[in-house]
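Reading through the structure tokens given below for one structure.
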Protein chains: 2
Amino acid sequence: MAKRKISNTLALAVLGLLREQPMHPYEMATTLRERHKDGSFKVNSGSLYDTVGALARHGWIEPVETARDGRRPERTVYATTESGRHEFVRWIDELLRTPVAEYPKFMAAVSYLGALGPDRAAEALAERAGHLAQRIEETNAVLADTVGSGRVPRLFMIEAECALHSWEAELAWTRRTIAEIRDGSLSWPEVQRTEQGWTWSGPTDSKGSTP
Amino acid sequence: MAKRKISNTLALAVLGLLREQPMHPYEMATTLRERHKDGSFKVNSGSLYDTVGALARHGWIEPVETARDGRRPERTVYATTESGRHEFVRWIDELLRTPVAEYPKFMAAVSYLGALGPDRAAEALAERAGHLAQRIEETNAVLADTVGSGRVPRLFMIEAECALHSWEAELAWTRRTIAEIRDGSLSWPEVQRTEQGWTWSGPTDSKGSTP
DNA sequence: TCCCGTATAGTCGGTCCCGACTATTAGGGG
DNA sequence: CCCCTAATAGTCGGGACCGACTATACGGGA
């Protein structure tokens, strides 16, 4: 599978918005924020203008008007093209079908959990758990205020449900791991340098070395 | 909280490796792959040399030797510094404590699930579910072969357990959503453009419009 | 009426990151 | 013994991404 010409998912959001209505970049940003889509797309003005430019170069969108209100900066309004609308659907299809490797910061830190020692690790994870619980609550509130009140169809906020499930899973894992650290069921070997290679020792693990 | 000087987590991996032993960049890459850490860190030669250079500029690591084997390219061997070792621990602590917004590609696609229509969406999700199941199986096999056989302490592969849980959660959500699409409990409104704004209609949702 | 904070709209320079590429050598099958 | 592949070690140019900055207009309190 050849690499996508544009891989920034912000471009997907742009195509999605322009499918509804011609718009200028600044309006795209505010619309995405209004609809709470800024949890799924990193909306950054710099990236946005870059992305819109790239989409235009590829012929997936095109400028349809350059208006000027008084002496404010010029606004360039864009619309999708036929090929842009097709690309939009193809891209979504591909993103859904084939999982790609992601490298969340949390996973990197968990890789070196050992370096903190059991007490500090448990404490740090506990703080994270608190933040996660709060984030989950906030998202639930947003869902209640939109889908829950019938103002927005559920399908239009489905990604919030997806994110919620993912955070709940992370929270569950975090809490379980805290418990395992505290009750000692996750043994904490100390690493030592020797001339042979690496040696570790711990409450339940036997000594060994990596070749 | 001021922004970190280096945010690429590959730098964390480098600090972690050099804490054990002085090394040259190429050896870091192969070591990370051997230890199956390339699921948590994106190991790319270009990024690696950039990252090592940045770490050296900040004084967190330093070159200790530049050896040359025959007429092969020069190898620069690096070691951590005192401040590098402190930074390592501080960084892990911070990454664990405070969750940051991540923008997985899947979330972006789910945002526009509607654009595929129910049948194609369900089919695409089903294909994803298959890939996820396979990935889970592969990771389980790796865990069985390392931790399961007692060759590596569980703590050293803990991030694989974490990733496994996260994928299992995603798989569960995916399967549940497929079922909801197929049995019609996730209603699929059609969006139409009107002069007022946006109108949708669907089996269970009442008509409405976004202001 | 004057000022100040906020909303509107976008530009710009620099850093980060990637992957394709180069160059050398060890190893092994024919 | 020779060629071909894989492994070793790293370079480089270009594109993606970010966030700080500019500039104008509007609204409301002092």
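Numbered from 1 within each chain, the chains take letters A, B, ... in sequence-line order. Here the structure is a predicted model, which is why all the values come from computation and not from measurement.
- Distance A:Tyr49 OH to D:dG15 C1': 21 Å, rounded to the nearest Å.
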Without placing hydrogens or testing angles, list every side-chain donor-acceptor pair under 3.5 Å for residues 99-114 of chain A, not counting sequence neighbours.
residue  : atom : partner  : partner atom : Å
A:Glu102 : OE2  : B:Lys105 : N            : 3.0
A:Lys105 : NZ   : B:Ser7   : O            : 3.0
A:Ser111 : OG   : A:Met107 : O            : 3.3
A:Ser111 : OG   : B:Ser40  : OG           : 3.4

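- Between A:Asn44 atom CG and C:dT11 atom P the separation is 14 Å, expressed in whole Å.
- Here A:Arg176 contributes atom CZ and A:Leu125 contributes atom CG; the two are 12.0 Å apart, rounded to the nearest 0.5 Å.
- Across the protein-nucleic acid pair, A:Asn8 atom CG and D:dA16 atom P stand 9 Å apart, rounded to whole Å.
- DNA chain C is contacted by both B:Ser45 and B:Ala54; B:Ala54 maps to the nucleotide lying nearer its 5′ end (nearest heavy atom per residue).
- Between D:dC18 and A:Lys42, a contact under 4.0 Å exists linking OP1 or OP2 to a side-chain N or O.
- Rounded to a whole Å, the CG atom of A:Asp50 is 12 Å from the C1' atom of C:dG10.
- Where B:Glu27 and B:Ser47 each meet DNA chain D at their nearest nucleotide, the meeting point lying more 5' is that of B:Glu27.
- Between A:Arg97 and B:Glu123 a salt bridge is recorded (basic side-chain N to carboxylate O distance below 4.0 Å).
- Per the geometry, CZ belonging to B:Phe41 stands 14 Å off P belonging to C:dC18, to the nearest Å.
- The side chain of B:Tyr26 lies closest to D:dG10, out of C:dG10, C:dT8, D:dG10.
- B:Arg57 places its CZ atom 7 Å from the P atom of C:dC16, with the value rounded to the nearest Å.
- Following rounding to the nearest Å, B:Leu48 (CG) and D:dT8 (C1') show an atom-to-atom distance of 14 Å.
- Rounding to whole angstrom units, CZ of residue A:Arg33 and C1' of C:dT6 are separated by 14 Å.
- Between B:His24 and D:dG10 there is a side-chain polar atom (N or O) within less than 4.0 angstrom of OP1 or OP2.
- Salt bridge absent: B:Arg135 and B:Glu138 never bring a charged side-chain N and a carboxylate O closer than 4.0 Å.
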